[in-house]
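Values in this document were obtained by computation on a predicted structure and should not be read as measured data. Every chain is numbered from 1, with letters handed out A, B, ... down the list of sequences.
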Amino acid sequence: MSVSYQLPDGASMEFEQPASAFEIAGRISKKLAKQALAAKANDNLIDVYLPIDDGATVEIITRETDEALELIRHDAAHVMAEAVQELFPDTQVTIGPTITNGFYYDFHRDTPFTPDDLKTIEKRMQDIVRRNEEIRREVWDRDEAVAFFLEKGEEFKAEIIRELPADQEVSLYRQGEFIDLCRGPHLPSTSKLGDGFKLMKVAGAYWRGDANNAQLQRIYGTAWRDKKELNAHLKQIEEAEKRDHRKLAREMGLFHIQQEAVGSMFWHPKGWRMRQNLENYIRGKMEKGGYQEVSTPQMMDRILWEQSGHWDKYGEDMFTVCTHDHKEMAVKPMNCPGHVQIFKQGITSYRDLPIRLGEFTTLFRNEAHGALHGLMRARSFSQDDAHIFCTEEQINEETAGFIKMLREVYEDFGFDSFRIKFSDRPDNRAGSDETWDKAEGALRSAVESLGLECELNPGEGAFYGPKLEFVLRDAIGRDWQCGTLQVDFVLPDRLDAEYVAEDGSRQRPVMLHRAVLGSLERFLGILIESTAGHLPLWLAPRPVAICTITNSADEYATAVQQKLVAAGVPAELDIRNEKIGFKVREHSRAKTPRIWVIGEQEAQQNQVAIRTLGSQATETMDLDEAVAALAAATRLPI
RNA sequence: GCUCUUGUAGCUCAGUAGGUAGAGCACACCCUUGGUAAGGGUGAGGUCACCGGUUCAAAUCCGGUCAAGAGCUCCA
């Protein structure tokens, strides 16, 4: 009897009895056997020393592969846990998965880990790598595994295993004295981890992601194939941090935040101009798209929020104000109830639908302290918020119109790819299951008919309806929801909105909540980070700085500025007694898109020397031509 | 809100072992009129986040408050 294996190149290999990946690799070459870290048998990853089933297609995993990088990160988590338990025996282990660029492990321990502890742990990890401990898979009976971990005082681990089916065997991996529940596979020994890892930070995390549970200490690490890759990654983080919008906004003079108004911006002249440019741009887009702009009260009686259901779910996060007659007014965190009030004035016919109401006024939400993050997560902000009141039949078409606008807008900002999440019913929700079936069905069919690629985001919908989230990424890889589309059958009912149908009956409209940019503040933050401050000309607060070389050119430069301002371009004039190199440096650092340099030569010939942000080159142009070109480029692309 | 870390001049930071503070940039004034990322000089500027405690003495040690950063939870 013999067994045979298929190799990726189509060849096959015979053995007398089931062979391991290590043995198979050894037949191919000594070198490959040395390099083998794991194997893929019929696309399932398996430890390098385990026998492989007859007939499998076997691929050897070497260090260069993506799979190996996963293994390295997973091993790093185990080695870290081993180091932690050696150094701090009172620590319980919980879970330790791989993540983008690295890994973490959640520990339970009464005393917190300090940054110094991290250094010590890292050193011990290096020791464990040097010890070259074999990492071996063991298969245990579930109940025995539970008893084993309980006896070791590992309650969290025991809890995880206890929840597996009783008859299921569990795999444990042992390296030295350390043993952990793990699906595997792993590298064959700790030395294979190498030296491309580093512990990054310690942070709190809740057991099973629930804030009611014990808080664990999560240690984050990054791991790579070698030191060189690690250093490249660290360098990249450093570069990304330079794009932080809070840092750039200070350099660009856009806004500031201070203690007396936590979570809200003091917009400076330049920042506000930029913010207004964005608002005017999207306002123009919406007008073109058949939206009507409205404005609804900043404060409304709490009763209205109770009716809508917001109070029940978000009351704690709403700011309230008491009037002299003891009414409790809520500062609006959302526009929807206000828009319903406008819809309800008079009698609406089906012929009037869809009605699209948009609003840009400021919203206030009492976001948790720890959630605040510059422009990305603020307590006061405004949205390109709108509500479309329509019939069920109109949902598809309105969704298509919205998606079309969103694509155009994102393209104007250079976001040609973005992720879409489909968030369905949350546990805590308003409306019957039938209503939710209908709303989710409607949104799903709209998505399908448009061929949109979505990832499912279970249980993350709004309390009144399912939603699409359009997600953009910041400089250091964090995801932020920007655009959104939500299908809502609940609020029209709760707030008693209706229209007269063709047959004369009264019907509930469907409400589509939608925003293309989402929070204007957040969108600007993302945009600043994604462009490193190099904004499009039409959005930049000062598209151009006019810089003189000598003050004999002051008069001409002033005339140039006036000409630009008359043409609608907010130009900055810099006739300070400074050298041109100094001025160029300063305006470049402030991310001014264009610098017009003017010396005697330009003044005499009625020209300007143009320097574009990010380039060292200059281009000399006749003044009138340059003004016309810049005026055109700074016009909002509506 | 929770965990950890941090809070010194407008900004970036130094401040050794407790003995009431320092640099660079920015700012003001003077000199310099210089062709594309920092020309030179002089000067002003700080209740060391705030409150309390220990001490003869606190930016420094301890406690609390506020805020910021990272992560978790949350995100209508």
- Note on the structure: Contact string for nucleotides 34-45 of chain B, one letter per nucleotide 5' to 3', B = base within protein heavy-atom range under 4.0 Å, S = sugar-phosphate only, - = neither, reads BBBBBS------
- Message: Distance check needed: B:C74 C1' versus A:Asn428 CG, whole Å only.
- Response: 13 Å
- Pair A:Phe103 and A:Tyr105, ring centroids less than 6.0 Å apart: no
- Message: Among A:Leu375, A:Thr362, A:Leu363, which residue satisfies the side-chain contact (heavy atoms from CB on, under 4.5 Å) criterion with A:Phe381?
- Response: A:Leu363
- Query: What integer distance in Å separates A:Asp210:CG from B:C74:C1'?
  - Reply: 12 Å
- Sidechain N-carboxylate O distance under 4.0 Å for A:Asp210, A:Arg208: no
Strictly under 3.5 Å: I want the nitrogen or oxygen pairs between protein and nucleotides 67-69 of chain B, one per line.
| from | atom 1 | to | atom 2 | distance (Å) |
| --- | --- | --- | --- | --- |
| B:A67 | OP1 | A:His369 | NE2 | 2.8 |
| B:A67 | OP2 | A:His369 | NE2 | 3.3 |
| B:G69 | OP1 | A:Arg246 | NH1 | 2.8 |

- Query: CZ of A:Arg522 versus C1' of B:C74: gap in Å, rounded?
  - Reply: 12 Å
- Report yes if the side chains of A:Asp90 and A:Arg109 come closer than 4.5 Å at any heavy-atom pair, otherwise no. yes
- Note on the structure: Secondary structure of RNA chain B per the Watson-Crick/G-U criterion (both distances under 3.5 Å; [ ] crossing, | other strand, . unpaired) is (((((((..((((.....[..)))).(((((.......))))).....(((((..]....))))))))))))....
- Query: Looking at side-chain heavy atoms only, is the closest gap between A:Gln383 and A:Met334 below 4.5 Å?
  - Reply: yes
- Cationic N near anionic O, under 4.0 Å, A:Glu460 to A:Lys421: no
- Scan A:Tyr464 against the nucleic acid and name what it touches under 4.0 Å (heavy atoms): base, sugar-phosphate only, or nothing. sugar-phosphate
- Query: Parallel, tilted or perpendicular for A:Trp224 and A:His233, by the 30°/60° rule?
  - Reply: tilted
- Message: Need one value for A:Gly309: base, sugar-phosphate or nothing, where a base atom within 4.0 Å counts as base even if backbone is also close, heavy atoms only.
- Response: nothing
- Message: Taking the C1' atom in each of B:C50 and B:U12, what is the distance between them to the nearest angstrom?
- Response: 24 Å
- Task: Please answer whether the main-chain N or O of A:Asp384 pairs with a side-chain N or O of A:Arg514 as donor and acceptor at a distance below 3.5 Å.
- Result: yes
- Note on the structure: A:Arg218 atom CZ is separated from B:C72 atom P, nearest whole Å, by 6 Å
- A:Leu199 atom CG is separated from B:G71 atom P, nearest whole Å, by 17 Å
- Task: Assign the ring pair A:Phe113 / A:Phe88 to parallel, tilted or perpendicular, where the plane angle (0 to 90°) is split at 30° and 60°.
- Result: perpendicular
- B:A17 and B:U36: how far apart are their P atoms, nearest whole angstrom? 49 Å
- Atom pair distance, as rounded to whole Å: NZ in A:Lys201 and P in B:U3: 19 Å
- For nucleotides B:C61 and B:G41, find the distance between their P atoms and express it as a whole number of Å. 37 Å
- Message: Please report the distance separating the P of B:G10 from the corresponding atom of B:U6, rounded so that it comes out in whole Å.
- Response: 23 Å
- Query: Looking for any heavy atom pair under 4.0 Å, which part of the strands does A:Ala371 touch: base, sugar-phosphate only, or nothing?
  - Reply: base
- Is it true that A:Glu251 and A:Lys247 make a salt bridge, defined as a side-chain N closer than 4.0 Å to a carboxylate O? yes
Give me, pair by pair, the N or O atoms of the protein and of nucleotides 9-15 of chain B that are less than 3.5 Å apart, along with how far apart they are.
| from | atom 1 | to | atom 2 | distance (Å) |
| --- | --- | --- | --- | --- |
| B:U12 | OP1 | A:Arg250 | NH2 | 3.1 |

- Message: My understanding is that only residues two or more places apart in sequence, or in another chain, count here; which of them pass side-chain hydrogen bond (donor to acceptor under 3.5 Å, both in side chains) with A:Thr98?
- Response: A:Glu70
- Item | A:Asp496/A:Arg508 ion pair, N-O < 4.0 Å | yes
- Note on the structure: By nearest-heavy-atom nucleotide on RNA chain B, the more 5' of A:Gly209 and A:Gln481 is A:Gly209
- Rounded to the Å, how far apart are A:Ile237 CD1 and B:G71 C1'? 14 Å
- Item | Base of B:G71 paired with side chain of A:Tyr206 (donor-acceptor, under 3.5 Å) | no
- Query: Using a cut-off of 4.0 Å on non-hydrogen atoms, how would the nucleic acid contact of A:Lys332 be classed: base, sugar-phosphate, or nothing?
  - Reply: nothing
- Message: Mind checking if A:Pro333 touches a base, just sugar-phosphate, or nothing, with heavy atoms under 4.0 Å?
- Response: base
- Using the P atom as the reference point in each nucleotide, state the distance between B:U60 and B:U55 in Å, no decimals. 16 Å
- Message: With a 4.0 Å cut-off on N to O distance, would you call A:Glu529 and A:Arg478 a salt bridge?
- Response: no
- Locate the shortest heavy-atom distance separating A:Pro297 from A:Met300; write the atom from each residue and the value. CB-CG, 4.0 Å
- Could you give the distance separating B:C48 and B:C13 at their C1' atoms, to the nearest angstrom? 14 Å
- Item | C1' gap between B:A28 and B:G45, integer Å | 10 Å
- Centroid-centroid under 6.0 Å between A:Phe470 and A:Phe415 rings: no
- Item | Distance in angstrom units between A:Asp317 CG and B:C74 P, rounded | 12 Å
- Residue whose nearest RNA chain B nucleotide is more 5′ - A:Phe463 or A:Ala211: A:Ala211
- A:Lys198 meets the salt bridge (charged side-chain N to carboxylate O under 4.0 Å, His left out) criterion, sequence neighbours left out, with none
- Item | Separation between the C1' atoms of B:A14 and B:G22, rounded to whole Å | 7 Å
- Mark yes or no for a side-chain to base donor-acceptor pair under 3.5 Å between A:Arg377 and B:C75, with no hydrogen or angle criteria applied. yes
